[in-house]
Amino acid sequence: QVQLVESGGGLVQAGGSLRLSCAASGRSFSSYTMGWFRQIPGKEREFVARVSASGGSTHYADFVKGRFTISRDNARNTVYLQMNSLKPEDTAVYSCGGYRGLGLFTTARQYGNWGQGTQVTVSS
């Protein structure tokens, strides 16, 4: 099991950038596929991006392709989400989660070990 803590959120103007971090405690981080999701009040978590355990493979939701980049540093037990060209509709609480084993998942129920999330607010 790993415990996850997100950071890096904040208030930014449209067109700006933020880099989110998800720091993991525990020895097995490098065996987890990691994902970023976002959630607004009243809605379910929405898939944003996924990175494989090794970091060699990534997958993005269509609405962030070309704007967001997910990466990880297994030596630092951290996964990142670089967000560029932010839009007001990107406003949400962003959380990271992970899973071990086979499968390429984009639904939140397949992930676990959720952090508390970090708020991203994009003003117009």
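Position 1 is the first residue of the sequence, and the numbers go up from there.
- Transitive grouping of hydrophobic side chains (ILVMFWY, heavy atoms separated by less than 4.5 Å) brings V64 and I70 into a common cluster.
- In terms of heavy-atom proximity, R76 sits nearest to Y80 at CD-OH, 4.1 Å.
- Note that CH2 of W114 and SG of C96 are 8.0 Å apart. Values are rounded to the nearest 0.5 Å.
- Using a 30° and 60° split on the angle between ring planes, Y94 and F68 fall in the tilted class, from 30° to 60°.
- Remark: L104 CG to S52 OG distance equals 9.0 Å, nearest 0.5 Å.
- Note on V122: it clusters hydrophobically with F63, by side-chain heavy-atom contacts below 4.5 Å among ILVMFWY residues.
- The two residues G8 and T118 come nearest to each other via the heavy atoms N-OG1, 4.1 Å.
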* To do: Kindly indicate, with the supporting measurements, whether the criterion side chain to side chain contact (heavy atoms under 4.5 Å, CB included) is fulfilled by V120 and T91.
  => CA-CA 5 Å; V120 171; T91 295; 5.9 Å; no
* **Derivation and outcome, side chain to side chain contact (heavy atoms under 4.5 Å, CB included), residues Y111 and M34** => CA-CA 8 Å; Y111 291 72; M34 297 298 298; over 6 Å; no
* Would you check, one step at a time, whether the test side chain to side chain contact (heavy atoms under 4.5 Å, CB included) holds for R50 with Y99? => CA-CA 11 Å; R50 180 187 68 230; Y99 63 91; 3.6 Å; yes
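- From L81, atom CG reaches atom OG of S71 across 8.5 Å, with rounding to the nearest 0.5 Å.
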* Take N113 and Y32 through the test side chain to side chain contact (heavy atoms under 4.5 Å, CB included) and record every step on the way to the result. => CA-CA 10 Å; N113 307 97; Y32 280 77; 3.6 Å; yes
* To do: Could you check K87 against D90 for salt bridge (charged side-chain N to carboxylate O under 4.0 Å, His left out), going step by step and ending with a plain yes or no?
  => CA-CA 5 Å; K87 304 175 182 180; D90 293 320; over 6 Å; no
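- The shortest non-hydrogen separation linking L86 to R67 is CA-NH1, 3.9 Å.
- For the pair T33 and R72, the tightest heavy-atom approach, listed with the atom from each and the gap, is CA-NH1, 4.2 Å.
- For Q116, the CD atom is densely surrounded, since the number of other residues' heavy atoms within 6.0 Å is greater than 12.
- If you take CH2 on W36 and CE on M83, they are separated by 8.0 Å, rounding to the nearest 0.5 Å.
- The two atoms that bring A53 and N74 nearest to each other are O-ND2, 3.0 Å, heavy atoms only.
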Side-chain donor/acceptor pairs under 3.5 Å, residues 10-29, sequence neighbours excluded:
unit_1 : atom_1 : unit_2 : atom_2 : d
S17    : OG     : N84    : OD1    : 2.9
S25    : OG     : Q3     : OE1    : 3.0

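- The backbone N or O of G56 sits less than 3.5 Å from a side-chain atom of S54, completing a donor-acceptor pair.
- The OG1 atom of T106 sits 11.0 Å away from the CD atom of E46 when rounded to the nearest 0.5 Å.
- Taking the salt bridge (Lys or Arg N to Asp or Glu O under 4.0 Å) definition, one finds that R45 meets it with nothing, sequence neighbours left out.
- Residue F37 holds its CZ atom at 10.0 Å from OG of S95, rounded to the nearest 0.5 Å.
- In this structure, the side chains of T69 and Y60 come closer than 4.5 Å at one or more pairs of heavy atoms.
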